[in-house]
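Residues take their numbers from the sequence shown, with the count starting at 1.
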Amino acid sequence: MYVANAPDVSVNPIDHLKCFTDDPGSTYRLTMSVDQPTADSPEPLNLGATFTDKHKVGHAFLTLTQTQSDGTVIRRSIGFYPASAGDPISPSGPPAFGDDANYGNWDVQVTFNVNGSEMTQIVTYIQQYGNQNYHLFNRNCGNMCTGVLGMIGVGISGDWMNYPFGMASSGTGMLQGPNSFYTIYGPSIGLLGERLFQAQSARIINRTHAGGPAPSNAGSCN
């Protein structure tokens, strides 16, 4: 079953990101990390994971970093989730945000250069993203991340939202194609990771498929 789980550590996005400022003396970075269900693969599900394992369908999240002129670093990671587990039977529900410095490992990660004005817009976008419900198929963690990338002119092919899951006699999802009654299409965070790694932009500072732990938080937001 295709199940998205609630965050391990929930945060209020307004409080979590309030310490970022538009400061001419600062430098800014935006990082998108993707935990693919199967590393280095576009597949949408990790068949070896349990239904409640967060690696079953994977996850995408963002890390915002501001380095001030005195060297002080402000860094926060954040992801978009359902407040409780979302599945194809009940794909939409109240939203939640997670402190994804606690998430675990990613498989694909790309870091972009942004400016202070853009960072302010990104923060506002994320803070307002929870004004509408989470939806497993079209308003999920990947949609929030790609929406932010679009704000800085980085386009990610939308085919990751319409991945063919193969043939099935029944199921709930986006049904399309000549065998539309049987073919289930839906989002693949695995394919999103591949599309992110292939992204082309002069803003890219670093891209890697090496995998690693989620970026730690830094600095005070009190």
If you take the centroid of each ring, where Trp contributes its six-membered ring, are Y81 and F97 closer together than 6.0 Å? no
Exercise. Under 4.5 Å between any side-chain heavy atoms of Q198 and R207, yes or no?
Worked result: no
Close aromatic pair by centroid cut-off 6.0 Å: H59 and Y103
yes
* To do: Taking atom types as modelled, find out whether Q109 and T31 have a side-chain donor-acceptor pair closer than 3.5 angstrom.
  => no
| task | Could you tell me whether the side chain of L196 reaches within less than 4.5 Å of the side chain of L149, counting heavy atoms only? | result | yes
Validation row: I205, F112 side chains within 4.5 angstrom (heavy atoms):
no
- Task: State, with a plain yes or no, whether a side-chain heavy atom of M119 is found less than 4.5 Å away from one of Q66.
- Result: no
Note: V57 and I189 closest approach over all heavy atoms is O-CB, 3.5 Å
- Considering only heavy atoms from C-beta outward, does the side chain of L62 approach that of M144 to under 4.5 Å? yes
With under 30° as parallel and over 60° as perpendicular, where do the rings of F80 and Y129 fit, or are they tilted in between? perpendicular
| said: Within the structure provided, determine whether I126 and L64 are in side-chain contact (heavy-atom separation under 4.5 Å). | reply: yes
Taking side chain as C-beta onward, heavy atoms only, is R75 less than 4.5 Å from S216?
yes
Here the pair of heavy atoms bringing A60 nearest to G142 is CB-CA, 4.2 Å
Notebook entry, point to check: Between the side chains of S117 and N115, does any donor sit under 3.5 Å from an acceptor?
Noted result: no
Using a 4.5 Å side-chain heavy-atom cut-off and chaining through intermediate ILVMFWY residues, the residues clustered with W106 come out as none
Exercise. With distance as the sole test, does S26 use its side chain to make a donor-acceptor pair with the main-chain N or O of D22 at under 3.5 Å?
Worked result: no
Here the pair of heavy atoms bringing F137 nearest to P187 is CD2-CD, 3.4 Å
* Could you go through the side chain to side chain contact (heavy atoms under 4.5 Å, CB included) check for Q132 and R139 one step at a time? => CA-CA 9 Å; Q132 298 181 46; R139 205 167 191 278; 3.5 Å; yes
Pairwise side-chain contact, R76 with T63, heavy-atom cut-off 4.5 Å (strictly under) = no
Decide side chain to side chain contact (heavy atoms under 4.5 Å, CB included) for I122 and I152; before the verdict, give the C-alpha distance in whole Å, the side-chain angles of both, and the deciding distance to 0.1 Å. CA-CA 9 Å; I122 289 167; I152 62 170; 4.2 Å; yes
Sorted by chain and number, sequence neighbours left out, salt bridge (Lys or Arg N to Asp or Glu O under 4.0 Å) with D159 holds for R195
